[in-house]
Structure formats: C-alpha cells, structure tokens
Number of protein chains: 2
Amino acid sequence: MATKTEIRRQELRDKLIVIAERTIAQNGLSALRARDLAGEAGCAVGAIYNVFGDLTDLTLAVNARTFHRLGAEVAEALAAAPEDPVEQLVVMAQAYHHFAASNHLSWRALFDVERPAGEAAPDWYLAEMGQLFTYISDPLAVIFPEREAEELALLTRALFSSVHGIVLLGLDEASAGVSTGKIDHMIALVLRQFTASRK
Amino acid sequence: MATKTEIRRQELRDKLIVIAERTIAQNGLSALRARDLAGEAGCAVGAIYNVFGDLTDLTLAVNARTFHRLGAEVAEALAAAPEDPVEQLVVMAQAYHHFAASNHLSWRALFDVERPAGEAAPDWYLAEMGQLFTYISDPLAVIFPEREAEELALLTRALFSSVHGIVLLGLDEASAGVSTGKIDHMIALVLRQFTASRK
DNA sequence: CCTTATCATTGAACTGCGTTCATTAAAGTG
DNA sequence: CACTTTAATGAACGCAGTTCAATGATAAGG
C-alpha cells in the first residue's frame with residue numbers, strides 16, 4: 001500500500017480545492033490559473049494533474065461544495081418557513097436568490113464550467129438537484145392536490161427554472177446597480193400569482 | 001476621402017460577420033478563432049483587428065443580428081396570434097423557445113459573450129430588449145388592468161426571465177435527449193397558471 | 001541498514017490561442 | 001511620375017493549459 005503517497009495526494013487535493021474555492025469566490029472562474037494555483041499551493045504545476053484530470057475537474061469539485069452549501073441554505077430557510085406552502089415556495093426561492101447574490105461568482109461557476117456537449121451530469125449534481133426538486137414539489141403537491149404526479153414534476157422543474165431565470169438575469173443587472181429588492185419582489189410576484197388560483 | 005479603403009473595409013467587415021455567424025451557428029462561440037477566420041476570409045489575421053477591436057466586438061456584431069432575428073420571429077408569431085392576451089403570451093414564449101432551439105449555439109452566444117463587469121449593455125441590445133418587453137407588457141396590461149405601471153414593468157421582466165430560465169435549463173437537457181415538447185408544456189403551464197387569476 | 005527497483009514529482013517545453021507592431025505594399029497628392 | 005501618407009501583413013509576443021523526460025522519493029529484499 002502507498003499510504004505516504006496517498007495521504008500527501010489527499011492533502012494536496014484538499015488544499016487545491018480550498019485555494020480554487022477562494023479564487024473563484026473572489027475573482028471568478030476565469031481567474032483560476034494552473035500556475036497561480038501551484039504557486040499558492042506550493043507545488044509544481046504538474047502536481048495538479050496528478051490529483052485532478054484537468055482544471056475543469058478541480059472546478060467541478062469546487063462546484064460540488066458550492067452546490068451543497070446552496071442546498072443547505074435552502075433547506076435551512078425551508079425549516080424556518082411557515083406552514084403555508086405558498087410561503088414556503090417564496091422563502092426557498094428568496095433563499096436561492098440570497099445565496100446566488102452572496103456567492104455570485106461561485107454560483108456563476110456552477111453554470112459557467114465547461115461541460116462536454118451531450119455528456120451526462122455528475123451524480124452529485126443530480127442528487128443535489130433531486131433534493132432541491134423535492135423541496136419544491138412537496139409544497140406544490142399541497143397547493144395543487146388534483147394534479148397528476150407527472151404534471152407536478154413538470155411544474156416543479158418549470159418553477160425552479162423560472163426562479164433561476166429571474167435570479168440569473170436579475171443579478172446580471174444587479175452588478176450594474178439595479179436593486180436586489182426588485183429581484184425578491186419579482187420572485188414573490190411570480191410565485192404568488194402562480195399559486196393564486198389553486199387548480 | 002479614402003473611398004477605396006473604406007469600401008474594402010466594409011466588405012471585409014461584412015464577410016467576417018457572415019463567416020463568424022456561420023461558425024458560431026455550426027460549432028459554437030468557442031470555435032471562433034482568429035486564424036481560422038482569417039483563413040476563410042482570405043485575409044491576414046491582423047486585418048480582423050483593422051475592422052473590429054477584438055473578437056468580442058465581432059461576436060457582438062453577430063449577436064446583434066441574432067437578437068434581431070429573434071425579435072422578428074417573436075413579432076411574427078405575435079402577429080399571427082389570436083386576440084386573447086394569454087394566448088399571445090404563450091405563443092410569443094413558445095416562439096422564443098423555438099428560436100432558441102433552432103438556433104441553439106447562436107442563441108447561447110448571446111449570453112456567453114464576455115462582457116466586462118459593470119459595463120453598460122450596448123444600445124442595440126437595450127433597444128431590442130425594450131421591444132420584446134413591449135410585446136409582453138401589452139397583453140399583460142390587458143390581463144391585469146388594475147396593476148400599476150411600475151408593477152407591470154416588474155411583471156414583464158419577471159415573466160421574460162421565467163420563460164428564459166425554462167428555455168435555458170430545458171435546452172441544456174434537451175441536448176441530452178429530453179423532449180422539446182416538455183419545454184413548450186412547461187411554458188404553457190407557467191403562463192396559464194400565472195394568468196389564471198386575473199388580479 | 002543498505003541496495004535496488006518501482007513509483008511519484010517536477011518544471012521546462014509544447015501547443016494553441018488572441019493580439020500587436022515593425023515591415024511592406026498600396027493609395028492618395030502635387 | 002515622385003513622394004508622402006495611410007493601410008495591410010504575418011511573424012513574433014504573451015499567456016494560457018497540459019505533457020513528459022528527467023529527477024527524486026518510496027517501498028521491498030537481502
């Protein structure tokens with residue numbers, strides 16, 4: 001067994017993830033450079049490639065952590081939310097917005113990472129995404145008890161995508177000085193209006 | 001006057017835009033390379049920089065045309081739509097989806113182009129966007145006659161963003177084989193449910 | 001504990017990109 | 001036609017990600 005080596009590799013792996021996480025959070029995905037990374041980690045550039053296939057793999061490792069933090073914040077908001085299912089949707093969506101706003105560059109890296117066309121998303125992504133969808137579909141099932149499971153699934157995806165779109169385009173302009181309160185307002189407007197007629 | 005030169009430059013400009021448009025449409029923004037471009041246009045690499053500041057400027061020129069085509073298709077769909085304002089919204093949103101699906105890589109280039117942080121969007125972008133927003137806010141004003149202008153503007157942006165989000169995430173998976181019909185379904189679901197309660 | 005074979009680490013070199021700018025060619029002018 | 005001014009050229013530059021022959025460390029056997 002190669003314990004010495006394995007331990008060192010694991011330590012380097014962790015160190016690189018921490019550094020990459022900070023770099024992305026502070027300066028964005030485009031600021032992630034192999035030489036800078038090696039310099040900060042005190043290793044050779046080649047060492048990065050002993051531990052990650054390429055920089056995209058490293059970015060995916062960072063993204064997994066980011067997505068996990070996102071899921072945790074949404075779950076936390078849901079736990080503190082009132083019983084009312086509409087309010088739960090609003091609270092979760094605004095938690096999503098809050099996370100995206102407070103972790104803008106890390107959040108963008110979730111979607112800006114290069115993904116080979118037509119390749120399946122990683123398991124951790126599907127798992128976290130499934131968890132988010134459950135948070136949404138549960139209150140939706142209460143609001144729309146008559147709807148079939150299949151249609152509820154479609155509604156769930158549609159609502160998630162809608163909130164995502166509002167946050168995405170909203171933050172684009174928020175960086176140009178548009179108020180963040182308007183985004184929360186739009187989210188609430190859409191969700192409340194969407195659920196105003198429960199059928 | 002430098003007519004000879006100006007004509008040549010204009011011709012090169014047009015030729016480069018056509019080539020870049022085709023390259024982006026067929027192989028995506030990342031396939032746009034200065035040397036390939038010069039090779040296809042039969043000019044020197046440096047000539048590109050006599051006519052465009054950089055490749056981003058060229059991309060923006062292509063994007064202006066793409067956005068204009070998008071606006072025209074939405075307008076065309078709206079012209080052929082029924083009187084009912086809800087149906088108009090659905091028809092326009094599905095036209096947006098159809099354009100994005102049929103021009104996937106060109107459509108993505110609209111959003112994937114590098115934009116310097118905190119810099120104002122180009123005029124043509126704001127103009128086309130304003131036009132799209134008008135198409136949306138007109139039927140919305142009919143559906144929600146009680147709402148204030150400010151809130152209607154917010155609703156307009158929110159609905160556009162929602163449809164955009166549904167199309168964006170939907171096409172991501174559509175490239176992995178998910179049906180395009182589901183996207184139309186989600187759009188209709190959201191818009192119909194959103195407008196089911198007119199207050 | 002030393003020797004040696006195996007494996008891991010290193011960083012200079014390779015490739016590919018956008019962009020520049022000294023050189024060369026063309027255009028305008030008297 | 002000579003000459004000045006202006007434009008076009010493409011080799012060269014800088015800066016990325018990635019590789020791999022050379023170097024160093026580790027584990028196994030005596």
Side-chain angles (χ1 to χ4, degrees), chain A residues 1-17 19-24 26-63 105 108-109 112-117 119, chain B residues 1-17 19-21 23-24 26-63 105 109 112-117 119:
Chain A
M1 48 178 153
T3 46
K4 241 348 185 331
T5 294
E6 274 174 16
I7 287 172
R8 205 171 18 190
R9 284 197 171 197
Q10 190 56 50
E11 281 173 356
L12 179 60
R13 218 187 129 82
D14 292 348
K15 197 193 282 188
L16 286 173
I17 290 176
I19 295 171
E21 204 164 19
R22 211 197 51 228
T23 303
I24 291 173
Q26 289 180 352
N27 301 105
L29 186 53
S30 63
L32 198 69
R33 274 175 284 266
R35 283 167 183 78
D36 292 356
L37 216 45
E40 278 201 68
C43 70
V45 277
I48 297 168
Y49 295 87
N50 295 334
V51 169
F52 292 100
D54 55 22
L55 289 191
T56 297
D57 280 358
L58 171 54
T59 302
L60 287 175
V62 171
N63 281 353
L105 295 175
R108 287 212 63 112
D112 288 349
V113 66
E114 296 255 11
R115 288 168 307 137
E119 186 159 311
Chain B
M1 49 177 153
T3 45
K4 231 9 177 318
T5 294
E6 273 174 16
I7 289 172
R8 207 171 17 191
R9 285 195 171 198
Q10 191 56 50
E11 282 173 357
L12 179 59
R13 217 187 130 82
D14 293 347
K15 196 193 283 190
L16 286 174
I17 291 176
I19 295 171
E21 204 164 20
T23 303
I24 291 173
Q26 289 179 352
N27 299 105
L29 185 52
S30 63
L32 198 68
R33 272 174 285 265
R35 283 166 184 78
D36 293 355
L37 216 45
E40 277 200 68
C43 70
V45 277
I48 298 170
Y49 295 87
N50 295 335
V51 169
F52 292 100
D54 54 23
L55 289 190
T56 297
D57 281 357
L58 171 54
T59 303
L60 287 175
V62 172
N63 281 353
L105 295 175
D112 288 349
V113 65
E114 296 255 12
R115 289 168 307 138
E119 187 159 310

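Throughout, a chain's letter reflects where its sequence line sits, starting with A, and its residues are numbered from 1.
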Grab the CD1-P distance between B/I7 and C/dA26 for me, whole Å please.
-> 18 Å
Report the distance from atom CG of A/L37 to atom P of C/dT10, rounded to the nearest whole Å.
-> 14 Å
In whole angstroms, how far is the P atom of D/dT26 from the CZ atom of A/R9?
-> 13 Å
Rounded distance (nearest 0.5 Å) linking atom CD of B/E21 with atom OG1 of B/T59 = 11.5 Å
Minimum heavy-atom distance B/L105-B/G28, with the two atoms named = CD1-N, 3.5 Å
From C/dG11, C/dA26, C/dA8, pick the nucleotide closest to the side chain of B/R8?
-> C/dA26
Taking every heavy atom of A/I24 against every heavy atom of A/A109, the minimum-distance pair comes out as CG2-CB, 3.7 Å
Got a list of side-chain donor-acceptor pairs under 3.5 Å for residues 39-56 of chain A, not counting sequence neighbours?
| unit_1 | atom_1 | unit_2 | atom_2 | d |
| --- | --- | --- | --- | --- |
| A/E40 | OE1 | A/R22 | NH2 | 2.4 |
| A/E40 | OE2 | A/R22 | NH2 | 3.3 |
| A/D54 | OD1 | A/T56 | N | 3.1 |
| A/D54 | OD1 | A/D57 | N | 3.0 |

Taking all non-hydrogen atoms of both residues into account, name the closest pair between A/A31 and A/T23 and its distance.
-> O-CG2, 3.6 Å
Please say which of A/D14, A/V62, A/L37, A/L58 ends up in a side-chain contact (heavy atoms from CB on, under 4.5 Å) with A/I19.
-> A/L37
Given protein heavy atoms under 4.0 Å, the one-letter contact record of nucleotides 12-25 of chain C, with B base, S sugar-phosphate only and - none, is simply BB---SBBB-----
To the nearest angstrom, the CG-P distance between A/D57 and D/dG17 comes to 14 Å
Atom-to-atom span, CD1 of A/I48 to P of C/dG11 - whole angstrom = 12 Å
